[in-house]
Visitor: 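Got a structure for you, written out below as structure tokens; questions coming shortly.
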Amino acid sequence: MSNDIAVTVSHVSKTFKLPHDKAASVKGNLIRTIQRKRGYEIQHALEDINFEVKKGEFYGIVGKNGGGKSTLLKVISGIYAPTKGGVSVSGKLTPFIELGVGFNPELTGRENVFLNGALLGFNRKEMQAMYEDIVAFAELGRFMDQKLKNYSSGMQVRLAFSIAIRAESDILVMDEVLAVGDAAFQKKCFDVFRELKKQGRTIILVTHDMANVERFCDRVLVIDKGKQLTVTTPAKASSIYARLNVSEEAINKNDLLADNTKIREGNGVVIVEDVQLYSGQKSAKIFNTGEDLTVELTLKRDEAHSNVPLVCGLSFHDSDDHIIAGPNSLLASIKPDATEVSFTMANLTLAPGDYKITTAVFGKDMEVFDLIEKWINFSVISDRQIPGFVDLRGEWSSRKGKDR
Amino acid sequence: MKLFNRVFSKQNRALLAELVRTDFKLRYQGSLLGYAWSLLRPLLMFAILYVVFVIAFPLGKGVPHYPVYLFMGIVIWNFFTEMTQQSLGSIVGRGDLIRKIRIPRWIIVFSSSIAALINLGLNLVVLAIFMALNHVDIMRSILLLPLLLFEVYVFALGISLFLSAAFVKFRDVSYIWDVVVQAGFYLTPILYPLSKITSLTFQKIMLLNPMAQSLQDARYAVVSHDSAVVTISRVFDGGWYSLIPFTIVLVTLMGGLAYFKSQANSFAENI
């Protein structure tokens, strides 16, 4: 391991044996051994994870819930032993899987400070020296001689965090500790993080808050379903992570819409049988800003009206149900006997977010044949920040004005 | 020495002290008499046994200072059971720490053993008072007592390491151990003088048990050299067999350590 590497994770895999029946007992085990039955399921929590964290780096690990982040963190921290592969750490590493580990509700705040300090490796004398600072930072001076069970959860977290930041380790490993506390306290935490970073400590942060990732991290590891997707910049990681989340949401939503929740009206002379979204030639649900998006309607006509002229309309809604746009085919010519109608937006300008489409088919005199509200979902993601609803694709220019 | 320094590093010592302190603070949490119970419990226990085995059924006739002899047995046996039973659940009980922080696992077992040692110390104070009341002569052999207590401690530690690790995987262990302790209580000459067992063979077999051996030796060292206090070197006449209990103690410690070490890495996921 070279000198500027703080943590090396090489080919780490972790599998858990999940017993089928939870109550472990000698008898149960005996029976299973005799019957040669495997009484457990193998779960691959991590598969072949490889990465290095440099000294002084603020390293992020992101992924969805249940994706193996926390397991990876515990392996790095030495709480779990990896099934395969190894982790080498240079320097002292302190994990914060949770704030206030070992806090006992029956002890006073003061006693808990000393207990928690001991878990970080400080003896009583050292803790005494920093006790006042800890209490001041937590803003809990009046409460220290009360039992911890009488503290609010916010107070407990404040106390725990104030002790945690005293850890004199080279490497700090943190799991979602930012998610707690009020805004003022969060700001305090961020200041501490900046300070720690300035001091050249190595920090590994596991989170799914992309704002924090972009704010602090130098590099980010993205994992999904126990596998390493990539190590990349915070901005890229953000968009990969968004895609991971969106794909699942999109699928779930369409399941919902498959039932009768949609609002439908019209006389049924012509009905919309199906709608497909395409990116170029490929069927898609998620689009990048700048991609081409095609909405294709499949129509079905009443036998008696197989040649009735019609107008197709779409409206695009954002997640707050605002109508973003409402294109219709009044001006375009649709063949009277057409059954496939499509609408293409080249170079998608919508800002990232979730959208729904309402489809409608009208007769020539705008009588409603078939209108189905907000039944198609799609999502837009982007590598860039796009404030507002659309990317206007305008161009900025500047010149020196003439003297007046 | 190097190993000692690593095992008892500043961090580990601080942690150990804090864990023991917490245990002690929490033990009598919410009771009116608090720490006084540490002394009251053995006293009351002794009072009952005194009424039953000294007044009602005088089992110990012929044994000098039988009440002290009896109390000594109770104190040492209680230390052994308290330490093993508390250590047994210690790893599981501290699951919150093990799953979230990296601390040496043995410290947890060690801290409950120290809590038991502190109680033993208190009980020995009570014992000393009884000795004075009973006019027991202080013999030079009393110097052997710390060594004998150390033997009991090492034996209990080996068992504790094994039990605490096994309990993580098999919750049956605690029930099994309860039964073993019950049986051990009667197989060890605690209530009855060993001299009441007339068969020499049985005396020999019983004294191979490290608890019986250390108990009798401790009584011999502290209470009386009378021939009614049967010790292992007396029944084997100083032969090599007397070393068997010590071997058992050592093997138990090694076995317990080895098993604990083999399991320690997977505590976090098995709890």
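Convention: sequence-line order gives letters A, B, ...; per-chain numbering from 1.
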Visitor: Looking at A:Lys227, I want to see if its NZ is surrounded by more than 12 non-hydrogen atoms of other residues, nucleotides or ligands under 6.0 Å.
Guide: no

Visitor: Can you spot which of A:Thr94, A:Ile97, A:Leu119, A:Asn116 makes a side chain to side chain contact (heavy atoms under 4.5 Å, CB included) with B:Ile101?
Guide: A:Leu119

Visitor: Which residues from residues 256-266 of chain B are near chain A, with near meaning under 4.5 Å between non-hydrogen atoms?
Guide: B:Asn265

Visitor: Give me the atom names and distance for the closest heavy-atom approach of B:Leu26 to A:Glu106.
Guide: CD2-CB, 3.6 Å

Visitor: Report the C-alpha separation of A:Arg124 and B:Glu18 in whole Å, then their side-chain angles, then the decisive distance to 0.1 Å, and conclude whether the salt bridge (Lys or Arg N to Asp or Glu O under 4.0 Å) test is met.
Guide: CA-CA 9 Å; A:Arg124 259 188 126 62; B:Glu18 238 14 92; 2.7 Å; yes

Visitor: Heavy-atom distance under 4.5 Å to chain B: side chain of A:Leu93, backbone, both or neither?
Guide: both

Visitor: Would you sort out whether A:Asn104 and B:Lys25 count as a side-chain contact (heavy atoms from CB on, under 4.5 Å), showing the intermediate values?
Guide: CA-CA 11 Å; A:Asn104 193 310; B:Lys25 270 182 200 147; over 6 Å; no

Visitor: Step through the shown structure and confirm whether more than 12 heavy atoms of other residues, nucleotides or ligands are within 6.0 Å of CZ on B:Phe150.
Guide: no

Visitor: Would you indicate whether A:Lys92, at its atom NZ, is surrounded by more than 12 heavy atoms from other residues, nucleotides or ligands within a distance under 6.0 Å?
Guide: yes

Visitor: Heavy atoms only: give me the nearest B:Ala268-A:Ile79 pair and the separation to one decimal.
Guide: CB-O, 3.4 Å

Visitor: Mind ranking B:Gln11, B:Arg21, B:Arg99 by heavy-atom pairs under 4.5 Å with chain A and telling me who comes out on top?
Guide: B:Arg21

Visitor: More than 12 heavy atoms of other residues, nucleotides or ligands under 6.0 Å from OH of B:Tyr175: yes or no?
Guide: no

Visitor: Say you draw a straight line from CG of A:Leu115 to CG of B:Leu15; how long is it, rounded to the nearest 0.5 Å?
Guide: 8.0 Å

Visitor: Given that the side chain runs from C-beta out, which part of A:Phe114 has a heavy atom under 4.5 Å from chain B: side chain, backbone, both or neither?
Guide: both

Visitor: Is there side-chain contact between B:Lys10 and A:Asn123, with at least one heavy-atom pair below 4.5 Å?
Guide: yes

Visitor: Heavy atom to heavy atom, less than 4.5 Å: which residues from residues 79-98 of chain B reach chain A?
Guide: B:Asp96, B:Leu97, B:Ile98

Visitor: Where is the tightest heavy-atom contact between B:Ala14 and A:Phe122, given as atom of each residue plus distance?
Guide: CB-O, 3.6 Å

Visitor: Answer yes or no: does atom CZ of B:Arg41 have more than 12 heavy-atom neighbours from other residues, nucleotides or ligands under 6.0 Å?
Guide: no

